[in-house]
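Beneath this line is the structure, given in structure tokens, with notes to follow.
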Amino acid sequence: MPYLDNNATTRPIPQAIAAATDALETHWHNPSSVHRDGQAARHALELARADLASLAGVPPRQLTFTGSGTESIDLAIRGVLGASDRETLITSKIEHAAVRDLAEHLESTGRVRLRWLRIEEGGVIDLDDLDAALADHPRALVSVQWANNETGVIQPSREIHARCQQAGAIYHCDAVQWIGKLPCPESDAFDTPPADLLTLSPHKFHGPKGIGALIVRPGVRLRPTLQGTQELGRRGGTENVPGALAAGAAARAAREWIADKSARTTIAARRDRFERAILEAIPDASVNGRTRDRLWNTTNIAFPRLEAEVLLLAMSERGLAASAGAACSSGSLDPSPVLLAMGVPPDNAHGSVRFSLSRFTTEEEIDDAIAIVTETVARFRRVPA
Ligand code: PLP
């Protein structure tokens with residue numbers, strides 16, 4: 001079955017499974033215990049921390065384990081606001097719901113003034129608008145993703161960071177879609193990742209779900225949202241040792257894979273072939289978001305006059321797993337707020353499906369996926385409206 005769904009989260013890798021199994025069998029103990037077995041678990045946890053930190057290009061001390069990418073985002077945003085008198089949150093409507101919904105919640109409770117950034121056609125934030133926002137609110141907290149989970153469009157994180165540094169703002173970067181897929185820092189010319197805080201989530205690079213990490217750069221003050229002594233007091237709660245060890249193994253494998261640039265060029269070429277074949281076979285289909293400066297694994301395609309949910313179910317029956325950037329509500333699929341914020345017309349947004357390849361997607365899976373998508377769309381197009 002071709003799995004082109006949900007940013008490649010569906011494929012486990014043997015290294016991660018072996019690490020989780022080993023942890024369950026040999027590191028059952030609490031890593032905060034002072035006895036020998038506890039300290040063995042602590043040692044294994046610290047090695048995993050080093051593996052993840054190395055994938056992100058930072059020293060291990062800067063990395064805090066959390067329960068998910070969503071929790072890391074929550075800790076970053078609430079933590080910075082809680083430790084300072086900053087009153088403005090600058091972010092965008094193309095962020096993951098973990099940022100967008102939190103931002104709206106914090107505004108509704110009166111904790112922040114919210115400033116949404118303008119989005120240019122193609123799905124990139126408007127840097128001139130960021131300049132204007134920072135001129136009005138230089139001590140803001142800024143949260144802008146590195147790459148978009150629905151379209152793969154890459155944001156100019158280094159420019160955003162530079163502007164925030166100049167203004168005196170703090171920059172949190174949701175790097176969930178970047179770290180583990182592309183080098184971090186993004187090129188050898190830079191020796192630090194471009195943000196004051198970065199969120200990562202191992203299930204985006206074949207690690208397990210239910211574990212995340214937040215990177216906090218030196219000098220950034222953070223008030224914990226879960227009290228406790230663990231994680232240097234940044235995040236209370238006994239650590240998820242099997243999850244962390246599996247994440248560490250996934251980070252090692254991802255780092256090795258990223259080191260060979262030709263590997264991602266190969267997968268990007270498969271994604272491009274898939275995209276070309278769909279656009280040729282279905283003349284009114286179109287790609288959402290710009291097609292340059294994108295993640296190598298993602299495409300988001302609009303099929304006007306069709307409902308994404310119906311397509312997803314029908315494709316799944318034929319053996320193709322894909323997803324839509326949308327939430328199910330009262331039996332119908334709301335169009336993705338991200339696509340609407342990018343200016344995608346509602347009719348296109350309703351019929352948009354995202355296809356995500358993984359490191360392991362083969363040419364044969366692409367052939368199968370092309371056949372399933374084109375035949376499914378043709379079948380529904382034959383049904384009179
Ligand atoms: N941010 C982005 C860009 C994501 O793609 C995701 C996951 O889909 C998250 C945040 C949330 O991460 P998690 O699923 O680990 O909570």
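In listed order, ligands and their atoms are each counted from 1. Owing to the predicted nature of the structure, the values given are computational and were not obtained by experimental measurement.
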(message) Taking atom CD as the centre, does Glu107 end up with more than 12 heavy-atom neighbours from other residues, nucleotides or ligands that are less than 6.0 angstrom away?
(response) yes
(message) Assigning hydrophobic clusters by single linkage (Ile, Leu, Val, Met, Phe, Trp, Tyr; side-chain heavy-atom cutoff under 4.5 Å), is Leu306 placed with Phe355?
(response) yes
(message) Tell me whether Arg115 is salt-bridged to Asp136, with the criterion being a basic N under 4.0 Å from an acidic carboxylate O.
(response) no
(request) Within a distance under 4.0 Å of any heavy atom of Gly69, pick out the atoms of ligand 1 and give their elements. (result) 12 (O), 13 (P), 15 (O), 16 (O)
(request) Could you tell me whether ligand 1 has any atom less than 4.0 Å away from a heavy atom of Lys204? (result) yes
(request) Determine whether the side chains of Glu95 and Ser143 contain a donor N or O and an acceptor N or O closer than 3.5 Å. (result) no
(request) Pick, from His96, Glu71, Gln177, the option with the minimum heavy-atom distance to atom 6 (C) of ligand 1. (result) His96
(request) Work out whether the distance between some heavy atom of Ile73 and some atom of ligand 1 is less than 4.0 Å. (result) yes
(request) Would you mind running through ligand 1 and noting each atom that sits below 4.0 Å from a heavy atom of Ser68? (result) 15 (O), 16 (O)
(request) Would you mind telling me if ligand 1 is within reach of the side chain of Gln145, the backbone, both or neither, using heavy atoms under 4.0 Å? (result) neither
(request) Could you list all the side chain to side chain donor-acceptor pair (under 3.5 Å) pairs where at least one residue sits in residues 40-61, not counting sequence neighbours? (result) Arg42-Glu46, Glu46-Arg49, Arg49-Glu231, Asp51-Arg252, Ser54-Arg255
(request) Say whether Asp174, considering both its backbone and side-chain N or O atoms, lies within less than 3.5 Å of an N or O atom on ligand 1. (result) yes
(message) Show every side chain to side chain donor-acceptor pair (under 3.5 Å) that has at least one partner inside residues 369-378, sequence neighbours left out.
(response) Arg318-Glu375
(message) Is the contact between Ser201 and ligand 1 made by the side chain, the backbone, both, or neither, using heavy atoms and a 4.0 Å cut-off?
(response) side chain
